2 protein chains.
Amino acid sequence: MNASAKPERTRLSAEDWEDAALKLIADQGVNALAVEALARQLGVTKGSFYWHFRTREALLQAALERWEQYGEREVISQIESMPDPRARLPELFRRVAHELAPHRVYAALLKALDHPQVVPVMARVSQRRMEFLTTIYREAGLDSQEALNRARLTYAAYVGFLQLNFTLGLPRISHDEFDAYVEHMIRTLTPN
Amino acid sequence: MNASAKPERTRLSAEDWEDAALKLIADQGVNALAVEALARQLGVTKGSFYWHFRTREALLQAALERWEQYGEREVISQIESMPDPRARLPELFRRVAHELAPHRVYAALLKALDHPQVVPVMARVSQRRMEFLTTIYREAGLDSQEALNRARLTYAAYVGFLQLNFTLGLPRISHDEFDAYVEHMIRTLTPN
DNA sequence: TCGATACCATACGCATGAGTATGGATTGCG
DNA sequence: CGCAATCCATACTCATGCGTATGGTATCGA
């Protein structure tokens, strides 16, 4: 998918606009999603945009749905295929911690939870991830209630971390220190 | 301070505008901070505003500084005065959990971390709170490194919780279930 | 009481960004 | 080749929201 990134001077499709929109959202947030700005970045004008989309709102909607679909998927299935349930949590934590790039859109959308269009998307995505986490905690030995609460705690820590490090650049943590933090988190949040 | 909320028809001061601004920020976020909207809400027009402030930016700056000063303060000193260090963490968690109203501004500012004016404020506030948490963890028996990481984890969980429940309304948790969650969090994050 | 200062209303200018109208260029296809 | 679609540029309109100019009203001290 997407054969032309920027240099090729072929004509654009709706998907190109959606990809560019997601890129811009990841970089500058949902508020910065302006059609004329996007057009400049793509080397065209508004005239092009309004052929592919009826409105700016429609672009945002399409981009969000695109992100929701082709979002994670792989990570979940790979983790689920691991034989030892107790080994899944550490593996999940380390993976997510070391692949922060794909989470930049999520972090940006987190800051736009007042926007009516992003709320339902974030609600669905967060809900799915929470359920996944709860299942893993159950398989790791926690009872139903404990697993749910631990999943809430874990996911909150994940969300909070994104906020505090991506956008806000708290005392720019070093690479080694970050690894130590991840291991600390694993020890603290993994059952026994 | 502030003798007239809305009904009294006395004339306004700069502080009235700042309070109204903070209220609006807590309700609708930083983006919604418009001077004509604020003026309508206060029953006056722009003409009033631009007598007290040179620009919209100046108002935001003043409101942020006001919030940073008269923000928390009390909680920290009260917790610090508790004799038993091990009892401080549970008490802190329960207090924060049950007084979420004062944290609405913080939650709103969290969603505006792309705004250059709020970043330094949030950096300072978060930094202070983190250091406070780290100290408490040390006094509770953790060594330096562990205390810092545990503080990071705890504060991230706090921040994430604000996002997931204030703005996003994840499966609207019940009151009893919320208490259970808080107790679970205390058991999980408090040393031994 | 009366003038100076503090506070506010009205009426502007001006920039930005969404959306429309319309015509030109390019491509696939018969 | 040639004619439809498809894709894009240019040139507008329109609403919003910041900031300014200027004049009016209230309030307080001398």
Side-chain angles (χ1 to χ4, degrees), chain A residues 1-25 27-64 108 112 114-118, chain B residues 1-25 27-64 108 112 114-118:
Chain A
M1 94 186 44
N2 87 358
S4 68
K6 260 167 292 180
E8 277 73 34
R9 256 3 187 110
T10 43
R11 301 156 98 187
L12 300 177
S13 70
E15 285 77 20
D16 293 328
W17 285 94
E18 298 170 10
D19 285 339
L22 286 176
K23 190 168 179 298
L24 200 153
I25 288 175
D27 288 342
Q28 313 187 38
V30 176
N31 308 341
L33 184 60
V35 336
E36 307 199 54
L38 258 191
R40 271 193 301 274
Q41 187 178 317
L42 287 174
V44 293
T45 66
K46 297 165 37 160
S48 171
F49 175 85
Y50 284 99
W51 193 90
H52 295 284
F53 297 92
R54 229 173 47 78
T55 166
R56 183 205 114 117
E57 195 178 334
L59 168 66
L60 178 56
Q61 193 63 36
L64 289 176
D114 44 359
H115 194 118
Q117 286 184 268
V118 320
Chain B
M1 87 186 54
N2 88 359
S4 68
K6 258 168 296 181
E8 278 72 35
R9 257 357 187 114
T10 42
R11 303 156 94 187
L12 300 177
S13 71
E15 286 76 20
D16 293 328
W17 285 94
E18 297 170 9
D19 285 339
L22 285 176
K23 190 169 180 298
L24 199 153
I25 288 175
D27 288 342
Q28 312 187 38
V30 177
N31 308 342
L33 185 59
V35 335
E36 307 198 57
L38 257 191
R40 272 192 299 276
Q41 187 178 316
L42 287 174
V44 292
T45 66
K46 298 166 34 159
S48 170
F49 176 84
Y50 283 99
W51 192 90
H52 294 284
F53 296 93
R54 228 173 49 77
T55 165
R56 184 205 113 119
E57 196 178 332
L59 168 66
L60 178 56
Q61 194 62 38
L64 290 176
D114 44 359
H115 194 117
Q117 288 184 268
V118 320

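What you are looking at is a predicted structure, and each value in this text was computed from that prediction instead of being measured. Residue numbering restarts at 1 for every chain, and letters A, B, ... go by the order of the sequence lines.
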N/O contacts under 3.5 Å, protein versus nucleotides 3-6 of chain D?
residue: D:dT6; atom: O2; partner: A:Arg11; partner atom: NH2; Å: 3.0

Please list, for nucleotides 18-21 of chain D, all pairs of protein and nucleotide N/O atoms separated by less than 3.5 Å.
residue: D:dC18; atom: OP2; partner: B:Val35; partner atom: N; Å: 3.4
residue: D:dC18; atom: N4; partner: B:Lys46; partner atom: NZ; Å: 3.3
residue: D:dG19; atom: OP1; partner: B:Thr55; partner atom: OG1; Å: 2.8
residue: D:dG19; atom: OP2; partner: B:Tyr50; partner atom: OH; Å: 3.3
residue: D:dG19; atom: OP2; partner: B:Thr55; partner atom: OG1; Å: 3.0
residue: D:dG19; atom: OP2; partner: B:Arg56; partner atom: N; Å: 2.9
residue: D:dG19; atom: N7; partner: B:Lys46; partner atom: NZ; Å: 2.8
residue: D:dG19; atom: O6; partner: B:Lys46; partner atom: NZ; Å: 2.1

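- Pairs engaging residues 33-50 of chain A under the salt bridge (charged side-chain N to carboxylate O under 4.0 Å, His left out) rule: A:Glu36-A:Lys46 [sequence neighbours left out].
- In this structure, the side chains of B:Val44 and B:Trp17 come closer than 4.5 Å at one or more pairs of heavy atoms.
- For B:Phe53, the ring-ring contact (aromatic ring centres under 6.0 Å, His included) partners are B:Phe49, not counting sequence neighbours.
- Residues satisfying the side-chain contact (heavy atoms from CB on, under 4.5 Å) test with B:Ala108, not counting sequence neighbours, are B:Ile25.
- Partners of A:Ser13 by side-chain hydrogen bond (donor to acceptor under 3.5 Å, both in side chains), not counting sequence neighbours, listed by chain and number: A:Glu15, A:Asp16.
- Scanning for side-chain contact (heavy atoms from CB on, under 4.5 Å) contacts around B:Thr45 gives an empty result, with sequence neighbours left out.
- Every residue two or more places apart in sequence or in another chain was checked for a side-chain hydrogen bond (donor to acceptor under 3.5 Å, both in side chains) with A:His52, and none qualifies.
- Put simply, chain B comes within 4.0 Å of DNA chain C, heavy atom to any atom, from C:dA6 to C:dT10, going 5' to 3'.
- Not counting sequence neighbours, the partners of B:Gln117 by the side-chain contact (heavy atoms from CB on, under 4.5 Å) test are B:Glu57, B:Leu60, B:Gln61, B:Leu64, B:His115.
- B:Ala34 meets the side-chain contact (heavy atoms from CB on, under 4.5 Å) test with B:Ala37; sequence neighbours excluded.
- Partners of A:Asn31 according to the side-chain hydrogen bond (donor to acceptor under 3.5 Å, both in side chains) rule, which considers only residues two or more places apart in sequence or in another chain, do not exist here.
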